[in-house]
Amino acid sequence: MQEDSPVQNETTPDTAQTERPQRAGRRNRLIVLSAAALVALGLGGIAVATTGNDRPAPTAVSLDAQSRAEAGSRADRSARESSTPVAPSVSPTASPSAVSVSPTPAKTATAKAKPKPKKTTKPTPAWVDPMPGAAVTSCYGQRWGTLHAGIDLALPSGTPIHAAAAGTVTQAGDASDGYGNSVFIDHGNGYLTHYAHQSRIAVTVGQKVKAGQVIGYEGATGDATGPHLHFEVHQGMWNQIDPAPFMRARGVDLGC
């Protein structure tokens with residue numbers, strides 16, 4: 001029995017050396033498994049703080065999303081409530097003078113909007129002066145022992161002569177008997193007018209003329225001592241009457 005003991009003592013150290021590495025290997029596998037479990041927990045929602053960063057680790061993602069959703073809901077509700085328009089309240093005790101409108105601007109606007117009256121020309125009278133502004137050199141009546149059967153009106157030669165009233169030209173040319181170039185106008189009421197001594201005639205026989213229309217130009221043709229218009233009124237052809245009262249009764253004063 002004493003001889004076998006040394007042999008057992010020699011083999012004991014080798015057995016102890018073999019078991020130590022085995023235990024160390026099991027311990028290392030446990031450490032690796034623990035580390036893997038920690039990594040899995042971090043991927044499941046727990047944020048691990050980065051080495052060297054002083055900022056605190058954020059909270060769980062699920063909790064952060066819920067908080068932000070609640071805050072957004074509150075903010076959205078607040079925005080909708082504040083954007084609703086509020087009708088202004090009208091005070092029932094407001095003074096009537098505060099809302100009254102002055103009548104002055106309305107009158108001014110009306111005055112500006114009123115259209116300007118159109119200019120209208122005055123209608124031509126039925127009877128007019130055959131040569132306005134002319135000087136009277138001789139009236140109707142006896143002269144040098146014979147009847148001067150008309151009124152002489154003088155202006156520079158070539159002055160236009162106007163029809164005393166509307167009518168039809170019955171003669172236009174030399175009327176002989178010293179009248180020279182003459183125009184006769186029948187006014188359709190039993191009266192004719194005669195315009196003698198013209199330098200140039202501007203109408204023809206049968207032509208319709210209006211009151212005031214130019215029928216010729218002053219001259220000294222026929223028996224005339226100078227340029228003038230010899231104007232006569234006939235009640236029937238060659239039945240001369242005094243033109244002064246006849247024309248005056250029709251609103252024309254020839255100055256005799």
Side-chain angles (χ1 to χ4, degrees), residues 117-256:
K118 294 182 179 180
K119 293 182 179 180
T120 56
T121 56
K122 293 181 179 180
T124 304
W127 290 80
V128 299
D129 190 334
M131 202 160 69
V136 177
T137 57
S138 183
C139 292
Y140 178 90
Q142 293 294 322
R143 188 180 64 177
W144 305 322
T146 185
L147 176 64
H148 182 246
I151 297 176
D152 291 344
L153 304 170
L155 277 175
S157 181
T159 298
I161 299 170
H162 304 270
T168 304
V169 177
T170 57
Q171 291 188 32
D174 190 353
S176 69
D177 293 336
Y179 285 111
N181 293 330
S182 298
V183 171
F184 289 81
I185 299 175
D186 185 353
H187 300 290
N189 56 358
Y191 293 92
L192 296 88
T193 50
H194 177 196
Y195 312 81
H197 305 309
Q198 296 186 35
S199 61
R200 181 164 60 93
I201 295 174
V203 291
T204 58
V205 175
Q207 181 177 342
K208 302 290 184 180
V209 296
K210 298 178 181 179
Q213 181 176 334
V214 175
I215 59 172
Y217 300 88
E218 180 188 357
T221 58
D223 295 338
T225 57
H228 70 279
L229 167 64
H230 178 82
F231 176 68
E232 294 181 351
V233 175
H234 295 202
Q235 188 174 6
M237 190 63 175
W238 296 114
N239 183 28
Q240 293 97 325
I241 62 174
D242 188 352
F246 177 87
M247 294 296 287
R248 194 178 300 115
R250 289 158 177 78
V252 181
D253 187 0
L254 296 179
C256 287

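Keep in mind that what you see is a predicted model, and the values were worked out from it rather than measured. We number each residue from 1, following the sequence as shown.
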>> Is there a side-chain contact (heavy atoms from CB on, under 4.5 Å) between Ile215 and Val169? Walk through the geometry before answering.
In response: CA-CA 9 Å; Ile215 59 172; Val169 177; 5.7 Å; no

>> Run the side-chain contact (heavy atoms from CB on, under 4.5 Å) test on Gln240 and Val233 for me, step by step, so that the C-alpha distance in whole Å, both residues' side-chain angles and the decisive distance to 0.1 Å come before the verdict.
In response: CA-CA 6 Å; Gln240 293 97 325; Val233 175; over 6 Å; no

List the atom pairs, donor and acceptor, that lie under 3.5 Å between side-chain atoms in residues 241-256 and the rest of the protein, sequence neighbours left out.
| unit_1 | atom_1 | unit_2 | atom_2 | d |
| --- | --- | --- | --- | --- |
| Asp242 | OD1 | Ala244 | N | 3.1 |
| Arg248 | NH2 | Cys256 | O | 2.5 |
| Arg250 | NH1 | Phe246 | O | 3.0 |
| Asp253 | OD1 | Gly255 | N | 3.0 |

Name the atoms and distances for all side-chain donor-acceptor pairs under 3.5 Å in residues 205-213, with sequence neighbours left out.
| unit_1 | atom_1 | unit_2 | atom_2 | d |
| --- | --- | --- | --- | --- |
| Gln207 | OE1 | Thr204 | N | 3.1 |
| Lys208 | NZ | Thr168 | OG1 | 2.8 |
| Gln213 | OE1 | Lys210 | N | 3.1 |

Please tabulate, for side-chain N and O atoms in residues 130-138, each donor-acceptor pair with protein atoms closer than 3.5 Å (sequence neighbours left out).
| unit_1 | atom_1 | unit_2 | atom_2 | d |
| --- | --- | --- | --- | --- |
| Ser138 | OG | Arg143 | NH1 | 3.2 |
| Ser138 | OG | His148 | ND1 | 3.4 |

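Here disulfide bond (SG atoms under 2.5 Å apart) pairs that include residues 144-173, with residues two or more places apart or in two chains, number zero. Residue pairs meeting the side-chain hydrogen bond (donor to acceptor under 3.5 Å, both in side chains) criterion with at least one member in residues 172-187, sequence neighbours excluded, are Tyr179-Glu232, Ser182-His194, His187-Thr193. Residue pairs satisfying the side-chain hydrogen bond (donor to acceptor under 3.5 Å, both in side chains) criterion with at least one member in residues 215-225, sequence neighbours excluded, are absent. Pairs of residues two or more places apart, or lying in two chains, never qualify as disulfide bond (SG atoms under 2.5 Å apart) while including a residue from residues 168-210. For the disulfide bond (SG atoms under 2.5 Å apart) condition, no pair includes a residue of residues 147-177, sequence neighbours left out. Sorted by first then second residue, the disulfide bond (SG atoms under 2.5 Å apart) pairs that include residues 208-242, not counting sequence neighbours, number zero.
Listed here is the closest heavy atom pair of Pro227 and Ala154: O-CB, 4.1 Å. Nearest heavy-atom pair, Gln198 versus Ile161, reported as atom, atom and distance to 0.1 Å: CG-CD1, 3.6 Å. What you find for Ala224 and His228 is that their closest heavy atoms are CB-CE1, 3.7 Å. The two atoms that bring Ala165 and Ile185 nearest to each other are O-CG2, 4.4 Å, heavy atoms only.
The side chain to side chain contact (heavy atoms under 4.5 Å, CB included) test applied to Pro125 returns Val128, not counting sequence neighbours. Applying the ring pair (Phe, Tyr, Trp, His ring centres under 6.0 Å) rule to Tyr140 yields no partners; only residues at least two apart in sequence or on another chain are considered.
Classification of the His234-Phe184 ring pair by plane angle, with boundaries at 30° and 60°, yields perpendicular.
The structure places OG of Ser157 at 10.5 Å from CZ of Arg200, a figure rounded to the nearest 0.5 Å.
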